[in-house]
Amino acid sequence: MVCRLSTRLLNICITSLCKAWQLEKAEVVLIDGIRLGYLPDVVTYNTLIAAYCRLVGVHEAYTVLRRMREAGINPDVITYNALIAGAARYRLLPLCLDLFEEMLQNDIIPDVWSYNTLMNCFFKSGQPVEANRIFRDMILSNVSPSPTTYNTMIDGLCKAGYSVNALRLFRSLQRHGFLPQLVTYNILINGLCKSGKLGEARMILKELGESGHVPNAITYTSVMRCCFRHGKFEQGFEIFLEMKGKGYTFDSFAYCTVISALAKMGKPKEANDYIEEMLRTGFGLDIVSYNTLINLYCKEGKLETAFQLLYEIEKCGMQSDEYTHTILVDGLCKIGDIDGAQRHLEYMKRMGFESNLVACNCLIHGLCKVGKVDYAMKVFENMELKDSFTYDSLVHGLCKARKFLLASKLLLSCLRKGMKVLSSTKRAVIAGLRSSGLRREAKELRSAIWMARILHW
DNA sequence: TTAGGGTTAG
């Protein structure tokens with residue numbers, strides 16, 4: 001009894017220290033505890049493993065598992081779930097699968113949490129088909145799905161571009177008596193908004209209103225962002241005011257949405273006013289908030305201030321991300337500092353950021369803007385991934401350089417891949433071919449555009 | 001120990 005009480009006390013201490021990010025102190029308490037006869041149990045080690053995953057890394061957490069075994073304590077399903085969640089946090093899909101396999105080999109039966117985490121990891125890694133396979137495995141293993149399972153499925157489907165299937169799943173669950181939670185509505189509203197299905201999003205929002213759930217800050221932010229994206233600025237700002245009135249502007253999410261919208265609208269003065277308001281509220285800025293500010297400074301051409309912020313981020317120990325550097329590359333391109341942009345791309349590589357499609361697109365656009373279209377072509381040829389932004393920028397650049405035949409060739413290869421390009425891009429190439437006396441080529445391009453429209457409808 | 005909102009390019 002005394003021993004069990006002591007272990008409980010030890011666990012309470014370790015849990016509090018882990019929650020306060022005091023991992024080193026938690027380790028000291030563990031060592032001192034053992035010395036004083038407070039014996040750790042599976043909960044002690046599970047707490048430490050979860051904390052290592054969250055604060056240090058999954059490999060370091062795995063060393064705790066070894067120590068746990070050395071202490072004669074067997075891991076359980078919670079131990080493995082924590083490790084799988086840790087691996088999923090760092091998108092280490094093969095490690096997630098290895099851990100799942102190791103769990104099975106140790107005769108530990110995976111539970112709904114294990115499957116949910118693995119499924120989510122597959123979705124986050126861009127593998128919706130595999131995620132669905134995990135869902136099926138779960139059913140075959142007689143593990144009952146939880147509301148989180150369905151929420152993960154709906155969210156994953158939306159993010160993978162299958163919002164229609166997500167809505168279908170939602171409806172079929174409802175028919176089988178599933179009562180959607182607020183989070184389910186939020187996932188679906190956000191997913192439908194992002195895929196441009198505004199009518200359906202509005203319908204779900206109406207159903208949410210009738211469901212008895214009260215829309216929260218997340219619901220409001222999703223809908224507000226959707227309004228801004230579709231040019232309904234007045235409605236967007238009305239939502240922001242309503243959020244303020246309800247006390248839903250307690251974090252940076254709503255502010256970042258509004259500031260970015262104003263930056264896009266070319267209203268830096270108003271955006272700066274909101275920045276000041278956000279800073280006055282006193283909540284700490286995270287990396288997305290910093291990125292929003294850097295983006296605004298870049299849009300204003302204030303690159304020095306933007307880099308000063310990057311310096312601040314790094315100085316306070318915060319990690320900059322792909323967005324931070326992509327925004328800076330774009331900012332440099334926009335002021336015509338192509339050398340600076342290329343240097344920053346190199347810096348990104350050195351920092352360990354993988355090849356970044358958006359940043360490369362910015363460079364191509366910047367090169368075309370300053371008339372270096374041949375160099376833009378070289379960058380294009382070396383790019384592994386290309387999207388409609390890549391083609392749009394380059395085709396426009398080629399038209400500007402009066403290289404209409406090459407522009408037409410690129411445009412066609414883009415259309416054949418089923419990518420959508422701007423109407424202005426198509427018009428520029430056809431008009432260019434005509435003005436150069438290439439009437440037959442212009443006619444052929446028009447037919448090809450027409451065919452592509454039918455094929456990829 | 002699992003799920004939801006904010007930041008980048010034509």
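All values below were derived from every heavy atom in this structure, side-chain atoms included, with hydrogens, water molecules and symmetry-related copies excluded. Here is the naming used below: chain letters follow the sequence lines, and residue numbers restart at 1 for every chain.
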> Is A:Arg343 salt-bridged to A:Asp339, cutoff N-O under 4.0 Å?
Replying inline: no

> Hey, does A:Leu182 reach any base, or is it just sugar-phosphate, or nothing, if we go heavy atoms under 4.0 Å?
Replying inline: base

> Contact class for A:Lys299 (heavy atom, under 4.0 Å): base, sugar-phosphate, or nothing?
Replying inline: sugar-phosphate

>> Between P on B:dT7 and CE on A:Met224, what's the gap in Å once rounded to a whole number?
In response: 9 Å

>> If I take atom CD1 in residue A:Ile134 and atom C1' in nucleotide B:dT2, what distance separates them, rounded to the nearest angstrom?
In response: 14 Å

> Looking at B:dT1, B:dA9, B:dA3, which one has an atom nearest to any side-chain atom of A:Asp155?
Replying inline: B:dA3

> Looking at B:dT2, B:dG6, B:dG4, which one has an atom nearest to any side-chain atom of A:Trp113?
Replying inline: B:dT2

> What nucleotide among B:dT1, B:dA3, B:dA9 has an atom nearest to a side-chain atom of A:Lys334?
Replying inline: B:dA9

>> Of the options B:dT1, B:dG4, B:dA9, whose atoms approach the side-chain atoms of A:Ala82 most closely?
In response: B:dT1

>> At 4.0 Å (heavy atoms only), tell me whether A:Asn356 reaches a base, stays on the sugar-phosphate, or touches nothing.
In response: nothing

> Less than 4.0 Å between a side-chain N and a carboxylate O, is that true for A:Arg171 and A:Glu207?
Replying inline: yes

>> Closest approach to the side chain of A:Ile78, judged atom by atom: which nucleotide of B:dT8, B:dT2, B:dT1 is it?
In response: B:dT1

> Separation of A:Leu65 atom CG from B:dT1 atom P, in whole Å?
Replying inline: 16 Å

>> I'd like to know if A:Ser252 reaches the base of B:dG6 with its side chain such that a donor and an acceptor end up less than 3.5 angstrom apart.
In response: yes

> Which whole-number value in Å describes the distance from A:Arg229 CZ to B:dT8 C1'?
Replying inline: 11 Å

> Would you say A:Arg225 reaches B:dG5's phosphate, i.e. side-chain N/O to OP1/OP2 under 4.0 Å?
Replying inline: no

>> Checking side-chain polar atoms at under 3.5 Å, does A:Asp76 have a donor or acceptor matched by the opposite partner on A:Asn46?
In response: yes

>> Between the side chains of A:Glu381 and A:Lys378, is the shortest nitrogen-to-carboxylate-oxygen separation below 4.0 Å, so that they form an ion pair?
In response: no

>> So, OP1 or OP2 of B:dT2: does either fall under 4.0 Å of a side-chain N or O from A:Lys124?
In response: no

>> Between B:dG6 and A:Asn291, counting only base atoms on the nucleotide and side-chain atoms on the residue, is there a donor-acceptor pair under 3.5 Å?
In response: no

>> Against the six-membered ring of A:Tyr391, is A:Lys386 placed for a cation-pi contact (under 6.0 Å from the centre, within 45° of the normal)?
In response: no

> Base, sugar-phosphate alone, or nothing: which one does A:Glu322 contact when heavy atoms must sit under 4.0 Å apart?
Replying inline: nothing

>> For a quick test of reading the model: is some side-chain N or O of A:Asn190 closer than 4.0 Å to OP1 or OP2 of B:dG5?
In response: yes

> Atom CD1 of A:Ile109 and atom C1' of B:dT1: how far apart are they, to the nearest Å?
Replying inline: 18 Å

> Does A:Lys267 NZ have over 12 foreign heavy atoms under 6.0 Å away?
Replying inline: no

> Can you check the A:Leu332 CG to B:dT8 P distance for me, whole Å?
Replying inline: 17 Å

> A:Thr326 near the nucleic acid: base, sugar-phosphate alone, or nothing, with a heavy-atom cut-off under 4.0 Å?
Replying inline: base

> For B:dT8, does OP1 or OP2 lie under 4.0 Å from any side-chain N or O of A:Asn295?
Replying inline: yes

> Which part of the nucleic acid does A:Ser289 contact within heavy-atom distance under 4.0 Å: base, sugar-phosphate only, or nothing?
Replying inline: base

> Is the shortest side-chain N/O distance from A:Lys194 to OP1 or OP2 of B:dG6 below 4.0 Å?
Replying inline: yes

>> Tell me the interatomic distance from A:Tyr185, atom OH, to B:dG5, atom C1', rounded to whole angstroms.
In response: 18 Å

>> From CG of A:Leu95 over to C1' of B:dT1, roughly how many Å is that when rounded to an integer?
In response: 15 Å

>> Strictly below 4.0 Å, N to O, side chains only: are A:Asp330 and A:Lys334 in salt-bridge contact?
In response: yes

> Is any side-chain N or O of A:Thr221 under 3.5 Å from a base N or O of B:dG5, one able to act as donor and the other as acceptor?
Replying inline: yes

> Base, sugar-phosphate, or nothing: which does A:Thr152 touch, judged by heavy atoms less than 4.0 Å apart?
Replying inline: sugar-phosphate

>> Categorize A:Ala217 for me: base, sugar-phosphate, or nothing, with a 4.0 angstrom heavy-atom threshold over every strand shown.
In response: base

>> Under 3.5 Å, is there any donor-acceptor pair linking the side chain of A:Ser388 to the base of B:dG10?
In response: yes

> Counting only side-chain N and O atoms of A:Asn120, is one of them less than 4.0 Å from OP1 or OP2 of B:dT2?
Replying inline: no

> Any salt bridge between A:Asp387 and A:Lys417, counting N to O under 4.0 Å?
Replying inline: no

>> Is it the case that B:dG5 (base atoms only) and A:Asp251 (side chain only) share a donor and an acceptor within less than 3.5 Å, ignoring hydrogens and angles?
In response: yes

> Which of these nucleotides, B:dT7, B:dA3, B:dA9, is closest to any side-chain atom of A:Val183?
Replying inline: B:dA3

> Within the pair A:Lys426 and B:dG10, is there a side-chain N or O less than 4.0 Å away from OP1 or OP2?
Replying inline: no

